[in-house]
Amino acid sequence: MKRKREGNNNVHNNSFQSKKHNFEALAEKYPSLEPFVTVKNGKAKIDWNDPLANRELTRTLLQEDFQIDINLPLDHLCPTVTSRLNYILWIQDLLNYGCSFKKRKLDQNKKNQPAITGIDIGTGASCIYPLLGVRLSGWSFLATDIDASSIDYARENIARNNWEDHIKLRLVENREQILLGVIEEDDQYDFSMCNPPFFEHVEDKEVNPKRNCTATDSELATEGGELAFITKMIDDSLVLKDRVHWYTSLIGRKVTMKLLVKKLHSVGITNIRTTTFTQGYTSRWAIAWSFSDSGLELLQVESVREEVLGRETKIYVDKLDFDEMINIIHNTFKQTSVKYKTSETGKITGKLYANSTWWKDLQNIEPINSGTLLMPMPPDLIFCIELEILTFHNRNYVLNVNISPVKSDVGTAELYILLQNNLGS
């Protein structure tokens, strides 16, 4: 069955690249792009199967959208801007959960705060991740690569943008080393990032004739493919522990992600994040793990949210008498500004509105790509809750809970967890 092209699904909410570019206008502004733009029936197009066209478009978009000037050699990997930007923005989300050794919440507008520092494993000739990270967020980088020519081109691209103070390069001469042996003994980083070689063998790229790319052998393939590479990264992290706050990597195959999550669980790592980036026909995945508890509370919230929405759930109460239970429910609703009433049958119904200070505070801790609907203030109804109290085994009680979002699901899981904790269940 032929798959229909769906456009930019799962492009990060903050992506500059979610907008559509006018190729004809870009070709007029950047003459080097003009030979690769054709106009037919009033529509300007680019041949996506032409590596030279892709190379020039990448250079143009980096200059147009980010004022980044780079040289891309013809025999090295040509990165697409949107996919690289999505990865950078996702790491920004991870850092919003908590920022490693600086002991402060990330605030890009606050001056004189310690710089965010990251490692780009296999930076390539373009050095695109560090360049975007510096431009967008003012981060600092250690950028590594096993290919000497890639390091030379990366150094040129850093100099073109005058960011030598932000990006340090390191040639890794031992191809078996990823993090261990590369990071200096006392170095600590907020994150590591990597776009590992996709194939096990260079010849494997011929299996997909539609995959048009120019790249060095080391950019295309590594022994054991991406699974072996990222598994080695996990093994390195077990030694380095919290010297890197968030370990991350892109993934080319969904099955690889499932195997890596299983690997992480098997070695006792529970703080794990995954995501999907989709552009047209192409999907890529990303995985992150941390030895800290950053974002674990939100991870619990996300899990509970999936559990409580659209279905009846139960809270068991076995250590309180009826009056104590009712008082706790009422006080919890008052704490969260839920407007509630009790029917003649004893059923408690509540409504949460957008003027709730508790709800507004919750939005400030939501990750920026969570899909949260930031609604205007009153009189918008956010969600409804219904509690039915049943007697369960003598003097124990069970609450049947139904929560129905109206404008947003933010606060649904948080209120459910708060009720559970306050009732001691």
Side-chain angles (χ1 to χ4, degrees), residues 8-19 61-62 65-68 79-121 123 126-143 161 163 166-167 188-195 242 244-251 271-279 284-290 292-299 301-302 362-372 374 410:
N8 286 356
N9 300 324
N10 288 355
V11 173
H12 192 285
N13 290 345
N14 285 8
S15 177
F16 293 76
Q17 297 288 307
S18 59
K19 67 179 182 181
L61 293 181
L62 286 172
D65 292 341
F66 307 102
Q67 298 75 57
I68 293 175
T80 56
V81 178
T82 305
S83 62
R84 271 56 177 184
L85 179 61
N86 282 336
Y87 190 9
I88 285 284
L89 294 174
W90 185 60
I91 288 176
Q92 217 170 53
D93 293 342
L94 293 174
L95 296 178
N96 282 337
Y97 287 128
C99 291
S100 80
F101 317 100
K102 281 66 176 184
K103 304 298 184 186
R104 48 82 174 108
K105 186 176 179 180
L106 182 63
D107 183 355
Q108 299 296 346
N109 299 316
K110 187 176 180 180
K111 295 181 179 180
N112 302 319
Q113 66 175 349
I116 296 293
T117 55
I119 309 170
D120 181 22
I121 302 166
T123 196
S126 68
C127 198
I128 189 169
Y129 288 125
L131 293 175
L132 284 171
V134 174
R135 169 61 73 203
L136 291 174
S137 304
W139 295 342
S140 294
F141 281 85
L142 170 64
N161 296 278
W163 284 334
H166 287 273
I167 306 169
Q188 294 178 320
Y189 296 89
D190 294 279
F191 66 90
S192 66
M193 63 188 309
C194 182
N195 184 10
D242 58 3
V244 178
H245 193 68
W246 283 106
Y247 298 86
T248 79
S249 182
L250 280 181
I251 301 170
N271 196 356
I272 305 166
R273 296 291 187 283
T274 61
T275 193
T276 305
F277 306 124
T278 304
Q279 248 188 298
R284 291 290 180 266
W285 296 265
I287 191 167
W289 64 97
S290 177
S292 74
D293 59 359
S294 294
L296 280 179
E297 181 179 346
L298 281 175
L299 191 63
V301 167
E302 292 162 6
L362 280 180
Q363 292 187 102
N364 294 330
I365 64 168
E366 284 282 323
I368 58 179
N369 71 335
S370 66
T372 299
L374 300 181
V410 174

Counting distance only, does the side-chain N/O of S290 pair as donor-acceptor with the main-chain N or O of H245 below 3.5 Å?
yes
So CG of L62 and CG of L85: to nearest 0.5 Å the spacing works out to 9.5 Å
Compare all side-chain heavy atoms of I91 with those of Y129 and state whether any distance is below 4.5 angstrom.
no
Any side-chain heavy atom of I116 sitting closer than 4.5 Å to one from S137?
no
Nearest heavy-atom approach of W139 to V134 is O-CG2, 3.3 Å
T82 versus T80, side-chain donor and acceptor atoms under 3.5 Å
no
Distance-minimising heavy-atom pair for W246 and L94
NE1-O, 3.3 Å
Within a strict 4.5 Å, meaning less than it, do heavy atoms of the N161 and I68 side chains meet?
yes
Heavy-atom side-chain contact between D120 and I128 under 4.5 Å:
no
Taking the six-membered ring for Trp, are F191 and F141 ring centroids under 6.0 Å apart?
yes
Locate the shortest heavy-atom distance separating C194 from I121; write the atom from each residue and the value.
SG-O, 3.6 Å
Applying side chain to side chain donor-acceptor pair (under 3.5 Å), can you list everything that pairs with Y87, at least two apart in sequence or on another chain?
T248
Results of side chain to side chain donor-acceptor pair (under 3.5 Å) for S126 - residues two or more places apart only:
none
